[in-house]
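Everything numeric here is computed off the predicted structure, so don't read it as measured data. Hydrogens, waters and symmetry mates play no part in the numbers below; they use all other heavy atoms, side chains included.
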Amino acid sequence: AILAQVSIKVLLCRFRKRTMALLAWGMLLFVVRASGELCSDDPSDMSCLQENKMLLSKMQKLGGARIDVEDEKTSMEDLMADETNVEEYMAKDSASPWTMCFGNLDCKILLGGRELFKPPRENYRDNCIQKNCEIKGKESGKELQWDVNQWKPCDKFFIGRFQGKCVPKPTPAPTLAPTPEPTPEPTTSPTPSPTPVPTPPPAPFWTKPRITNADCEKEIPKKNAKNYLSDSQMRRRGKDYNYRDFCIQAQCVAKGKNWNQEKWGCGDDENGNAECDGYCE
């Protein structure tokens, strides 16, 4: 409402100055035409000189009226300079999210034609709406700006004044610190399996019990007998060996030994059959 009053005062002042200026010039023309032109043909004519003095006196008075108009114009501009202390003026009603009402003409008077938007907006009043939001922010301790999508007219008739809604300036997204790459765990060398202590071979031994040919044939089938002793291995007797020799060799092989065929012993069992053993080494 205060800004509207200032705008009306400015318009009335301009209208009054122009009216008074036109009136002063109209009176001057009227006086000149009514009095006639200044006498210049005969400077010695006393009556003409008297008329010239009277006409000049009237023109000086009218000129003084014009000077008064100019003085009034200067004082009005000074008055406007005092009333357009923009920040003090716009700081009023800083609690409301809506700005004051601005038109294009009164906004130019307030800001002196300065552009706050780059590129400039179509309606100059937008600069005052934005400026009003910034000043509201200073008063409330916040950073505010005009949401250009929120505005509404202030007048029922088409005068052209609008107001906008102030919103907080968006907080810029923080720059995230780069995520450091994880330190790879050191590759540990596999723990070597302990070298097993070798099992010492058994000591040389004599086979037990002594065995007969018949008992050996029961333990080792003939088809498997050659797996233990071949004909070439029967050094002691060549092919004339006893079947029990296979069982003696089988006992030696089972414990990682071989039968020393030079070492053997025999006797008779209870039935009188020969039974023998051998030395494994």
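The shortest non-hydrogen separation linking Met100 to Gln163 is O-CB, 3.4 Å. Nearest heavy-atom pair across Cys247 and Glu219 is SG-OE1, 4.1 Å. Heavy-atom minimum distance, Arg121 versus Val148: NH1-CG1, 4.2 Å. The two atoms that bring Ala250 and Ile220 nearest to each other are CB-CD1, 3.9 Å, heavy atoms only.
In this structure, the side chains of Lys152 and Trp98 come closer than 4.5 Å at one or more pairs of heavy atoms. Looking at Ile135 and Tyr89, their side chains never come closer than 4.5 Å, going by heavy atoms from C-beta outward. Looking at heavy atoms from C-beta onward, Asn213 lies out of side-chain contact with Glu275 at the 4.5 angstrom threshold. Put simply, the side chain of Asp277 does not reach to within 4.5 Å of the side chain of Pro209, judged on heavy atoms. Annotation: side chain of Cys133 is in contact with side chain of Thr99 (closest heavy-atom distance under 4.5 Å). A 4.5 Å side-chain heavy-atom check between Arg125 and Phe162 finds at least one atom pair inside the cut-off. Here the side chains of Ile129 and Phe102 are in contact, with some heavy-atom distance below 4.5 Å. By the 4.5 Å heavy-atom criterion applied to side chains, Cys280 and Trp206 are not counted as neighbours.
No more than 12 heavy atoms of other residues, nucleotides or ligands sit less than 6.0 Å from atom NZ of Lys255.
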One pair to check against side-chain contact (heavy atoms from CB on, under 4.5 Å): Cys252 and Thr207. What are the steps and the verdict? CA-CA 7 Å; Cys252 292; Thr207 61; 4.1 Å; yes
What verdict does the side-chain contact (heavy atoms from CB on, under 4.5 Å) test give for Tyr279 and Gln261, after you've listed the backbone C-alpha separation in whole Å, the side-chain angles of each residue and the deciding distance to 0.1 Å? CA-CA 8 Å; Tyr279 190 72; Gln261 297 180 27; over 6 Å; no
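Residues Asn258 and Gln249 bring a donor and an acceptor atom of their side chains to less than 3.5 Å of each other.
Between the Asn123 side chain and the Asp126 main chain, no donor and acceptor come within less than 3.5 Å of each other. The backbone N or O of Pro97 lies less than 3.5 Å from no partner atom in the side chain of Lys136, so there is not a single donor-acceptor pair. The main-chain N or O of Asn273 is never found under 3.5 Å from a side-chain atom of Asn271 such that the two would form a donor-acceptor pair. Put simply, the side chain of Tyr243 never gets that close to the backbone of Thr212: no donor and acceptor are under 3.5 Å apart. Under the 3.5 Å distance criterion, the side-chain polar atoms of Asn224 are left unmatched by any main-chain donor or acceptor of Pro221. Looking at Gln130, its side chain does come within 3.5 Å of a backbone N or O of Trp146 through a donor-acceptor pair.
A cation-pi arrangement is absent between Lys165 and Trp151 under the rule of less than 6.0 angstrom and at most 45 degrees off the ring axis. Judged by a 6.0 Å distance limit and a 45° cone about the ring axis, Lys257 is not positioned over the six-membered ring of Phe205.
Checked for salt-bridge contact, Lys263 and Glu281 meet the test: a charged N lies under 4.0 Å from a carboxylate O. Remark: Glu217 does not engage Arg244 in a salt bridge, criterion side-chain N to carboxylate O under 4.0 Å.
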